[in-house]
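One-based numbering, in listed order, for ligands and for the atoms of each.
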Amino acid sequence: MAERFETESRKLLGRLRDAMAGDDPGQARLDKITHLIANSIGCEVCSIYLFRDEETLELCATEGLNPDSVHQTRMRLGEGLVGRVARSRQVVNTADAPSARGFRYMPETGEEVFSSFLGVPVQRLGESMGVLVVQSKQAREFSADEVYALEVVAMVLAEMAELGAFVGEGAAMGARHSQPVMLRGTVAQEGVAEGHIWLHEPRVVVTNPIADDPHRELERLTEAVEELRVGVDKMLTLAADKEQAQVLEAYRMFANSKGWMRRMQEDISNGLSAEAAVEKEQSLARARMGQATDSYLRERLSDLDDLSNRLLRILTGQGADTGAEMPADPILVARNIGPAELLDYGRNLRGIILEAGSVGSHAAIVARALAIPLIVHAERATLEALNGDHVMVDGEQGIVHLRPDDTVVTAFRDKMAMQAAAVERYASIRDKAAETLCGSVISLHMNAGLMADLPSLEGSGAEGVGLFRTELQFLVRNQMPKRSELSALYARVLDAAGGKPVIFRTLDIGSDKVLPYMKPNDEPNPALGWRAIRVGLDKPGVMRMQLQALIRAANGRPLTVMFPFVAQYEEYTLARAEVDKAMEREARLGHVLPETLKVGAMLETPSLAFSPQKFFEEVGFLSIGGNDLKQFFFAADRENERVRRRYDTLNVSFLSFIERIVERCNQTDTPLSFCGEDAGRPVEALCFAAIGLRSLSMRPASIGPVKSLLRRSNLDEVRKVIADARHRGDMSVRPAIMDYLRDQG
Ligand code: PEP
Ligand code: MG
């Protein structure tokens with residue numbers, strides 16, 4: 001039987017290919033296909049349902065149902081048996097369809113006379129495209145071989161649909177990748193950008209889903225798998241450590257998996273090409289991955305997915321180098337990307353769209369440093385986008401307009417022009433002080449983390465670098481940077497700053513920032529775990545090396561250093577003692593010491609705000625790390641999309657807390673600044689200034705807007721608005737401030 005079916009399925013695929021070979025319009029092709037399948041399987045009905053939009057399936061061709069219902073009958077995802085197949089991406093096979101769970105009677109199709117129903121998902125690489133159905137009057141369950149044959153055909157249909165085979169007169173389906181698509185995501189770096197798509201990992205296109213010669217296809221598969229195995233073995237010999245080797249071992253196990261190989265060989269015997277066989281198994285694995293709740297299983301399925309991709313690249317010869325040329329205005333699309341890869345692209349990119357990623361990821365830090373608009377969590381981006389597609393990224397709203405139509409293009413360009421005008425307006429106040437109408441002067445600094453940030457010092461009008469995040473140099477490498485490298489880099493930063501002050505923050509790792517070459521620590525709560533200064537003090541080697549590098553970089557110039565995440569007085573004194581020791585050591589070694597040395601701490605945990613007076617007297621300066629401080633104040637994870645924005649920075653309790661810190665610093669004359677992201681939001685910055693902060697550090701692009709608002713504001717009035725809101729018992733002062741600003745025009 002299996003043998004008979006193998007040849008049947010192969011014959012069917014052969015006929016399908018012939019049907020596709022002509023230059024019939026898309027609808028005619030679909031009609032022919034349903035006719036062929038119904039005949040081959042010996043059923044009265046064969047129908048193809050394709051997605052009209054993400055939620056709606058449409059009957060696009062049928063043999064056996066009422067022809068008038070084609071393009072008329074529609075169902076929502078999950079509705080009826082067809083909708084159930086599409087939603088679950090699993091086969092439904094029943095001898096008694098009317099009694100099956102989810103059956104819905106569609107009078108226009110006349111289908112009530114058909115008892116048996118077999119529906120298989122049409123999917124490509126886990127992406128659902130529609131449903132292929134056969135039905136018959138005779139009540140019978142379809143055999144495993146029949147189900148298999150239909151799955152193979154569905155796979156080929158998906159490939160053909162991907163290649164645009166069903167597009168054209170009669171509009172069987174819209175041309176994929178030609179319609180405008182709007183994707184929603186989360187903003188990780190603001191800004192607007194227009195450009196053309198550059199796929200980090202181009203889609204593999206399979207142009208030959210049906211095998212001409214199964215023997216040849218089997219050979220091709222064997223050769224490709226062999227090449228894959230050799231590649232994995234080679235990676236194993238290069239593995240940096242035991243852990244990496246363990247991961248690769250699991251990988252190798254898959255590459256040698258007999259089951260995987262056997263299934264692909266069967267697919268080929270049934271008429272698929274080697275590529276299509278790999279894709280078929282990959283699709284099944286992806287569908288399972290979507291349903292797996294066990295994280296171990298999900299990871300293994302993801303290994304398999306990765307291996308399948310490699311295998312497809314070997315088979316199609318479509319590697320990273322596809323010969324495509326990067327557009328002049330590239331907007332990068334990827335599932336996810338590491339910081340080092342992103343730095344390789346550098347400032348060439350106009351924008352970045354990621355399917356995964358997170359606001360606090362390393363990639364986001366790099367994107368921010370390079371001031372490239374970044375949208376994360378943009379689902380389906382890699383499925384919808386093709387190299388070279390026109391795209392507009394709205395990094396204010398978190399929207400991606402792919403292949404936008406003219407009205408969107410016009411509206412978007414207006415928006416960009418307005419922003420450009422604003423930038424020009426800000427340029428005109430670049431060299432002016434951020435002096436408010438009531439005569440207070442706020443000093444505005446910029447945050448940085450890369451050499452590439454430094455040119456902004458000039459352009460933004462920042463008075464200096466209020467936060468230089470040194471961890472990026474550690475994060476983007478495969479091994480610990482050398483002291484000489486760091487020292488050279490810090491020296492270049494100081495050179496580029498040209499005498500403007502730079503506050504170097506010592507290594508802030510742990511939590512979300514994990515060094516690739518450090519043994520990861522499995523901590524139940526990394527944000528509350530072994531991070532930042534805690535690592536620095538427990539393993540002082542790296543901290544000492546970094547302090548030495550900083551002193552040498554200063555080479556007689558002023559040096560300012562601050563320690564991240566200080567939670568109690570003692571941590572500061574211990575860290576400060578390390579600085580003193582480093583100075584003594586450097587002096588002994590004959591190095592020139594900095595002209596002046598300031599050592600400060602970041603206030604990122606509420607505890608530090610309540611430390612003894614002596615701490616405030618002793619510390620050189622304090623900088624509020626609002627991103628962390630806010631997450632600990634509200635106990636709301638800054639990385640968790642569900643709760644990240646739940647509490648307003650202008651919440652009266654939080655503002656009162658910051659005001660308390662300002663008062664304590666005023667009592668001891670301790671210089672204080674604020675360097676979290678909120679400092680760069682004009683309304684927040686205005687409130688901070690009103691409650692007494694006189695120094696703010698932010699993204700360079702925020703300096704213009706913040707300065708512009710400060711220069712037009714009277715802090716006495718703002719203070720009164722805040723006091724009134726507090727008096728009324730408002731939860732947040734934002735509504736009152738916004739009303740006030742509106743009244744001010
Ligand atoms: C902060 O926590 O506010 C801060 C500036 O540091 P980071 O965002 O690097 O943790
Ligand atoms: Mg922090």
Side-chain angles (χ1 to χ4, degrees), residues 187-190 339 358-370 374 444-450 453 462 464-476 502-515 525-536 546 560-567 571-572 575 600-609 621-640 644-645 647 649 654 657-658 661 672-681 684-685 688 693 695-700 702-703 706:
V187 179
Q189 163 67 21
E190 285 114 0
S358 77
V359 175
S361 64
H362 306 150
I365 295 171
V366 173
R368 231 168 274 154
L370 298 173
L374 165 65
L444 305 182
H445 300 257
M446 62 172 247
N447 296 344
L450 292 171
D453 288 323
V465 177
L467 165 68
F468 190 90
R469 292 179 162 108
T470 60
E471 54 275 10
L472 277 175
Q473 274 66 45
F474 288 79
L475 285 167
V476 299
V502 178
I503 302 182
F504 289 97
R505 172 175 78 182
T506 62
L507 190 56
D508 182 8
I509 47 155
S511 186
D512 60 312
K513 301 167 192 156
V514 184
L515 299 186
N525 249 317
L528 305 175
W530 198 54
R531 52 177 292 199
I533 193 156
R534 300 172 183 178
V535 182
Q546 197 182 17
T560 312
V561 179
M562 79 178 164
F563 293 102
F565 215 68
V566 176
E571 286 173 338
Y572 173 73
M602 285 187 78
L603 196 156
E604 305 189 86
T605 60
S607 62
L608 199 67
F621 61 92
L622 281 174
S623 187
I624 296 177
N627 307 335
D628 275 311
L629 186 64
K630 191 177 159 200
Q631 83 165 335
F632 297 120
F633 187 78
F634 289 109
D637 188 347
R638 63 191 263 195
E639 288 292 307
N640 181 338
R644 211 165 67 79
R645 272 191 277 254
Y647 306 100
T649 304
F654 190 58
F657 181 51
I658 297 195
I661 300 169
L672 173 69
S673 71
F674 188 110
C675 66
E677 296 302 317
D678 286 321
R681 305 199 166 97
E684 278 82 337
F688 293 158
L693 273 157
S695 170
L696 303 171
S697 191
M698 61 197 73
R699 302 188 292 128
S702 296
I703 290 183
V706 166

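Formation of a donor-acceptor pair under 3.5 Å by the Arg699 side chain with backbone atoms of Asn447 is not found in this model. In this structure, Glu471 contributes its side chain and Ile509 its backbone to no donor-acceptor pair below 3.5 Å. A donor-acceptor pair under 3.5 Å is formed between the side chain of Gln546 and the backbone N or O of Leu507.
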task: Go through the steps to decide whether Phe634 and Phe654 satisfy the test ring-ring contact (aromatic ring centres under 6.0 Å, His included), and finish with yes or no.
output: CA-CA 9 Å; Phe634 289 109; Phe654 190 58; 5.8 Å; yes
field: Ser673 and Ser623: CA distance, side-chain angles, deciding distance, side chain to side chain donor-acceptor pair (under 3.5 Å) verdict
entry: CA-CA 5 Å; Ser673 71; Ser623 187; 3.2 Å; yes
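The shortest N or O to N or O distance between Arg505 and ligand 1 is under 3.5 Å. Checked by distance only, ligand 1 and Arg531 stay at 3.5 Å or farther apart across all their nitrogen or oxygen atoms. Residue Glu471 has no N or O atom closer than 3.5 Å to an N or O atom of ligand 1.
A cation-pi arrangement is found for Arg531 relative to Phe565, the charged atom lying closer than 6.0 Å to the ring centre and inside a 45° cone about the ring normal.
The only option from Arg681, Glu684, Lys630, Glu677 that meets the side chain to side chain donor-acceptor pair (under 3.5 Å) definition with Thr649 turns out to be Lys630.
With a heavy-atom cut-off of 4.0 Å, Leu467 touches ligand 1 through its side chain alone. At a heavy-atom distance under 4.0 Å, only side-chain atoms of Arg469, from C-beta outward, approach ligand 1.
Residue contact check: Asp628 has heavy atoms under 4.0 Å from atoms 1 (C), 2 (O), 3 (O), 10 (O) of ligand 1. Of all atoms in ligand 1, numbered sequentially from 1 with element shown, those under 4.0 Å from a heavy atom of Cys675 are 5 (C). Interface atoms of ligand 1 facing Gly676, defined by a heavy-atom separation under 4.0 Å, are 3 (O). Distances below 4.0 Å separate heavy atoms of Arg638 from the following atoms of ligand 1: 2 (O), 7 (P), 8 (O), 10 (O). The ligand atoms of ligand 1 that sit less than 4.0 angstrom from a heavy atom of Gly625 are 1 (C), 2 (O), 3 (O).
Salt bridge absent: Arg644 and Asp637 never bring a charged side-chain N and a carboxylate O closer than 4.0 Å.
With the Mg ion (ligand 2) as the vertex, atom OD2 of Asp628 and atom OE1 of Glu604 span an angle of 100° (nearest 10 degrees).
In this structure, Met602 counts as a contact residue of ligand 1, since one of its heavy atoms falls inside 4.0 Å of the ligand.
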